[in-house]
Amino acid sequence: MTVTAPGRTDRHYLMCEPLHYTVSYEINPWMDATRYTDRDLALRQWRTLRDTYLELGHRVETIDPIEGLPDMVYAANGATVVGGVVYSARFRHPERQPEGPAYQKWFADRGYVTHTAAVINEGEGDILVVGDLILAGTGFRTERAAHGEAQELFGRPVISLELVNPSYYHLDTALAVISSDPASPQIAYYPPAFSAGSRAVLQTLFPDAIIATDADAVALGLNAVSDGENVIVAPGARDLAAALTERGYRPIPVDTSELLKGGGGAKCCTLEIRA
Ligand code: ARG
């Protein structure tokens, strides 16, 4: 078992303030449009998350929220950025489709090279960079063909993983990248969210991975953000926090309970910009 975390590295994040946050449609099992959502609480929780990144010394930029796009707060879905190249998102549900071009424009306006996706993919919700590899989810949102598109664009091997539990509809709800250091890549994941074949692939690639418990998964604890040392994690994911501590990481509980009503947590609110 790897007992030492590789150490913190500087990160650059893009976030979107939940100014227009609400649950007005249902596209995943966590969403209930009849339930009351407290936008001010969502805003406070989001600001705490942003401030936590800033206190850790990371750079945070923001994209202006657009009225009528309540899920835009989940910035991770907006694109995938590797080596300064932007693979745009193309959303499955019509309710979220305008978000893809909005995020792509944010990057294009700042001089990034952007690639317009030919295939449905929901950004870092389903496409995660771990060391030299990319892990990519399919089953509910992102098409398997998008994995090939990402591999061709980024020139990195993309490993396809099949999600089977609708509550864990994006890869980042079932698997967290704990260390992206190519010398010591590390993940945490919840095996029941994956098909048998995908579980076997994960076991082969990451034999020392942290295995999340049912309680971690239900708290959306896998929707965590790590800088190689500090790991922002939902407070309810106690087993995951203990496992991280045991391996030399520093779990930092940040409550995003109000944003969980839309089916997202810390990672969903955070798009990493990799130079
Ligand atoms: N309501 C959003 C949806 O269902 C939540 C997205 C969460 N984001 C994520 N990266 N998993 O699309």
Side-chain angles (χ1 to χ4, degrees), residues 13-18 20-35 37 39 42 45-46 49 63 65-66 68-81 87-100 102-103 117 120-129 134-143 146 150 161 163 165-177 187-190 193-194 212 216-226 232-234 237 254 256-273:
Y13 298 130
L14 177 61
M15 300 179 71
C16 181
E17 198 169 36
H20 308 295
Y21 179 68
T22 184
V23 175
S24 53
Y25 51 82
E26 298 170 3
I27 57 172
N28 71 56
W30 304 79
M31 300 175 91
D32 176 354
T34 65
R35 199 163 151 212
T37 44
R39 191 204 60 149
Q45 292 179 337
W46 181 92
L49 177 64
I63 179 172
I66 299 172
L69 297 178
D71 275 341
M72 206 174 158
V73 61
Y74 304 112
N77 302 133
T80 307
V81 188
Y87 178 38
S88 77
R90 187 162 161 173
F91 285 86
R92 176 164 299 278
H93 298 99
E95 293 90 337
R96 296 199 68 183
Q97 277 162 3
E99 293 182 47
Y103 275 91
I120 291 174
N121 83 87
E122 299 200 350
E124 283 202 328
D126 276 320
I127 303 173
L128 297 173
V129 178
I134 293 177
L135 302 181
T138 187
F140 296 100
R141 301 289 181 89
T142 296
E143 299 279 354
L161 299 168
L163 297 162
N165 181 330
S167 290
Y168 306 105
Y169 56 94
H170 274 145
L171 183 61
D172 73 354
T173 63
L175 185 150
V177 179
I187 61 167
Y189 69 103
Y190 181 57
F194 295 90
D216 293 331
V218 167
L220 213 59
L222 275 321
N223 203 248
V225 180
S226 174
I232 314 294
V233 62
V254 175
T256 46
S257 57
E258 200 54 30
L259 294 155
L260 186 58
K261 291 179 180 170
K267 170 59 205 162
C268 295
C269 296
T270 313
L271 173 58
E272 185 165 349
I273 302 177

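Counting convention: from 1, in listed order, for ligands and their atoms alike. Heavy-atom basis, side chains included; hydrogens, waters and symmetry copies ignored.
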> Is there a heavy atom of Tyr169 sitting under 4.0 angstrom from any atom of ligand 1?
yes
> Counting non-hydrogen protein atoms only, what is the nearest one to atom 9 (C) of ligand 1? Give residue, atom name and distance.
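The protein heavy atom lying closest is Cys268 SG, 2.6 Å.
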> Have a look at ligand 1 and work out which part of His93, if any, has a heavy atom under 4.0 Å from it: side chain, backbone, both or neither.
neither
> Kindly say whether Tyr190 contributes a backbone atom to a donor-acceptor pair with the side chain of Tyr168 at under 3.5 angstrom?
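Not confirmed, Tyr168 side chain does not pair with Tyr190 backbone.
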> Which ligand 1 atoms, with their elements, are less than 4.0 angstrom from a heavy-atom of Gly263?
7 (C)
> Looking at side-chain heavy atoms only, is the closest gap between Tyr103 and Ile63 below 4.5 Å?
yes
> Compare all side-chain heavy atoms of Leu259 with those of Leu49 and state whether any distance is below 4.5 angstrom.
no
> Does some side-chain heavy atom of Met72 sit less than 4.5 Å from a side-chain heavy atom of Ile66?
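Sidechains of Met72 and Ile66: in contact.
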> For atom 10 (N) of ligand 1, find the nearest protein heavy atom and state the residue, atom name and distance (0.1 Å precision).
Asp172 OD2, 2.7 Å
> Considering only non-hydrogen protein atoms, determine which one is nearest to atom 1 (N) of ligand 1 and report residue, atom name and distance to 0.1 Å.
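Going atom by atom, the protein heavy atom closest to atom 1 (N) of ligand 1 ends up being Gly262 O, 2.7 Å.
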> Does Asp126 reach the side chain of Asn121, with side-chain heavy atoms less than 4.5 Å apart?
no
> Under the 3.5 angstrom rule, does the side chain of Glu99 hit a backbone N or O of Leu69 as a donor-acceptor pair?
no
> Hey, is ligand 1 close enough to Asn77 that some N/O pair sits below 3.5 Å?
yes
> Given side chains that start at C-beta, do those of Glu272 and Val129 come closer than 4.5 Å, heavy atoms only?
no
> For ligand 1, which atoms sit closer than 4.0 Å to a heavy atom of Met31?
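Every atom of ligand 1 under 4.0 Å from some heavy atom of Met31: 1 (N).
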> Going by the order shown, which atoms of ligand 1 are within less than 4.0 Å of some heavy atom of Gly125?
10 (N)
> For atom 2 (C) of ligand 1, state which one of Asp71, Val23, Leu171 supplies the nearest heavy atom.
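It is Asp71 that holds the nearest heavy atom.
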> For atom 4 (O) of ligand 1, what is the nearest protein heavy atom, given as residue, atom name and distance?
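So the nearest neighbour among protein heavy atoms is Asn28 ND2, 2.7 Å.
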> At a non-hydrogen distance cut-off of under 4.0 Å, which region of Arg141 contacts ligand 1 (side chain, backbone, both, or neither)?
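The answer is the side chain of Arg141.
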> Give a yes-or-no answer on whether the side chains of Tyr25 and Asp71 include a donor-acceptor pair shorter than 3.5 Å.
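Their side chains do contain a donor-acceptor pair, which is all the 3.5 Å distance test asks for.
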> Look at atom 12 (O) of ligand 1 and say which protein heavy atom is nearest, naming residue and atom and giving the distance to 0.1 Å.
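That would be Arg96 NH1, 2.6 Å.
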> Which atoms of ligand 1 have any heavy atom of Ile27 under 4.0 Å away?
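Heavy-atom distances to Ile27 below 4.0 Å select 3 (C), 4 (O), 12 (O).
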> Should the pair Glu143-Arg90 be classified as a salt bridge under the 4.0 Å nitrogen-to-oxygen rule?
no
